[in-house]
Chemist: 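Please see the structure below; I have some questions.
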Number of protein chains: 2
Amino acid sequence: MAKGKYSVDCFQALSDPNRREILMMLTKEKQNINAIADNFNISRPAVSKHIKVLYDSGFITITTQGRERYCELQQQGFDELKEWISFFETYWTKQLKQLEVFLKTRHAKK
Amino acid sequence: MAKGKYSVDCFQALSDPNRREILMMLTKEKQNINAIADNFNISRPAVSKHIKVLYDSGFITITTQGRERYCELQQQGFDELKEWISFFETYWTKQLKQLEVFLKTRHAKK
DNA sequence: GTAATATGTAACTTTTGAATTACGCAATTT
DNA sequence: AAATTGCGTAATTCAAAAGTTACATATTAC
């Protein structure tokens with residue numbers, strides 16, 4: 001498998017529900033850390049750490065504007081995920097072919 | 001978002017490297033618990049628990065044959081993942097459109 | 001310049017999860 | 001029927017992750 005260029009792997013990043021929620025929120029609009037934190041019960045520093053994980057796993061970019069840091073979705077993290085899934089796609093198509101062969105054989109025997 | 005029918009969510013299941021490795025192994029062939037455990041340094045009971053998690057999240061089916069339990073990949077778990085990703089696809093296409101508009105506008109101004 | 005804002009980080013606590021050992025039990029084997 | 005095999009599970013330990021509070025710092029506002 002491809003070795004990720006990120007210090008945190010995408011699966012670990014997505015294992016936390018709050019982090020997934022943050023990603024969801026970022027589909028609506030670019031937001032700074034405090035704005036994101038306002039939507040959660042957990043403390044601002046906790047959110048800050050989640051943001052770091054999402055950054056370190058390629059799911060978001062961060063743009064500093066003065067004292068604010070704006071977070072935006074980034075494709076890389078999602079791509080790693082998709083790549084992993086695609087590995088299994090070959091398995092399913094192979095399964096499908098075996099099913100076809102089986103059905104054909106059964107038909108022939110009839 | 002769709003509420004999963006499984007007691008363990010797919011992201012939690014995939015967060016452990018050993019569990020992902022087990023899924024990889026199952027692309028080669030159907031295997032029983034002990035056969036799977038032989039490929040890991042961790043104990044058999046540990047593997048047994050991982051198997052349970054993979055089962056409870058829809059990534060594998062288990063077929064009991066006498067005293068053996070054969071594990072096989074199942075699509076459901078993977079589908080949940082794909083569904084989650086597809087939610088973000090709309091975001092990316094929207095981004096792409098905005099880029100187009102931006103480029104067109106810039107061209108017009110010239 | 002002083003106050004307020006936006007944030008990162010360190011120290012610590014709490015929670016969660018992975019691993020192990022020990023055991024029990026049902027299906028085979030001999 | 002006794003021994004072996006293929007598991008599941010409970011009890012426990014250990015480590016990693018998530019959360020909190022407290023504090024430091026840079027920017028902006030007044």
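Reminder, nothing fancy here: chain letters follow the sequence lines and each chain counts from 1. Predicted model, so just to flag it, every value in this text is computed and none were measured.
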Chemist: Please verify the inter-ring angle class for A/Phe78 with A/Phe59; under 30° counts as parallel, over 60° as perpendicular, anything in between as tilted.
Modeler: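 The rings of A/Phe78 and A/Phe59 stand perpendicular, inter-plane angle above 60°.
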Chemist: Looking at A/Cys10 and A/Gly77, what are the two nearest heavy atoms and their distance?
Modeler: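 Reported closest heavy-atom pair: CB-O, 4.0 Å.
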Chemist: When you check the phosphate oxygens OP1 and OP2 of C/dA18, does a side-chain N or O of B/Arg19 lie under 4.0 Å from one of them?
Modeler: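 Yes, because at least one side-chain N or O of B/Arg19 sits under 4.0 Å from OP1 or OP2 of C/dA18.
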Chemist: B/Asp16 has an atom CG; how far is it from atom P of D/dA16, in whole Å?
Modeler: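 Computing the B/Asp16:CG to D/dA16:P distance gives 13 Å.
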Chemist: Rounding to a whole Å, what distance do you find between A/Arg69:CZ and D/dT25:P?
Modeler: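 After rounding, the reported distance stands at 17 Å.
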Chemist: Which of the following nucleotides, C/dT7, D/dT27, D/dC7, is nearest to the side chain of B/Asn32?
Modeler: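 The nucleotide sitting nearest to the side chain is D/dC7.
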Chemist: Between the side chains of A/Tyr70 and A/Glu72, does any donor sit under 3.5 Å from an acceptor?
Modeler: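 The criterion, which ignores hydrogens and geometry beyond distance, is not satisfied for A/Glu72 and A/Tyr70.
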Chemist: What's the separation between atom CG in A/Asn39 and atom CD1 in A/Ile22, rounded to the nearest 0.5 Å?
Modeler: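 Reported to 0.5 Å precision, the distance equals 9.5 Å.
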Chemist: Name the closest nucleotide to the B/Glu68 side chain, picking from D/dC7, D/dG19, D/dT4.
Modeler: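 Looking only at side-chain atoms, B/Glu68 lies closest to D/dC7.
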Chemist: Assess whether atom OH of B/Tyr55 is packed by more than 12 heavy atoms of other residues, nucleotides or ligands within 6.0 Å.
Modeler: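 Counting neighbours around OH of B/Tyr55, 12 or fewer heavy atoms of other residues, nucleotides or ligands fall under 6.0 Å, so no.
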Chemist: What's A/Gln12 touching, base or sugar-phosphate or nothing? Going by heavy atoms closer than 4.0 Å.
Modeler: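 Sugar-phosphate, no base atom in range.
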Chemist: Is any side-chain heavy atom of A/Lys82 less than 4.5 Å from a side-chain heavy atom of A/Gln75?
Modeler: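 Contact flag for A/Lys82/A/Gln75 side chains = no.
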Chemist: Strictly below 4.0 Å, heavy-atom distances to any atom of DNA chain D: list the hits from residues 43-62 of chain B, or just say none.
Modeler: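 DNA chain D contact set from residues 43-62 of chain B: B/Arg44, B/Pro45, B/Ser48, B/Lys49.
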Chemist: Whole Å only: how far is the CD1 atom of B/Ile36 from the P atom of D/dC7?
Modeler: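 Going from CD1 in B/Ile36 over to P in D/dC7 covers 9 Å.
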Chemist: Using whole Å, what does the distance between atom C1' of nucleotide D/dA17 and atom CZ of B/Phe11 come to?
Modeler: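 Answer to the nearest Å: 18 Å.
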Chemist: Taking the minimum atom-to-atom distance to the side chain of A/Arg67, which one of D/dT27, C/dA27, D/dG8 wins?
Modeler: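 Given the options D/dT27, C/dA27, D/dG8, the side chain of A/Arg67 is closest to D/dT27.
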Chemist: Could you say whether A/Asn18 or B/Asn34 is positioned toward the 5' end of DNA chain D, judged by the nucleotide with the nearest heavy atom to each?
Modeler: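 That would be B/Asn34.
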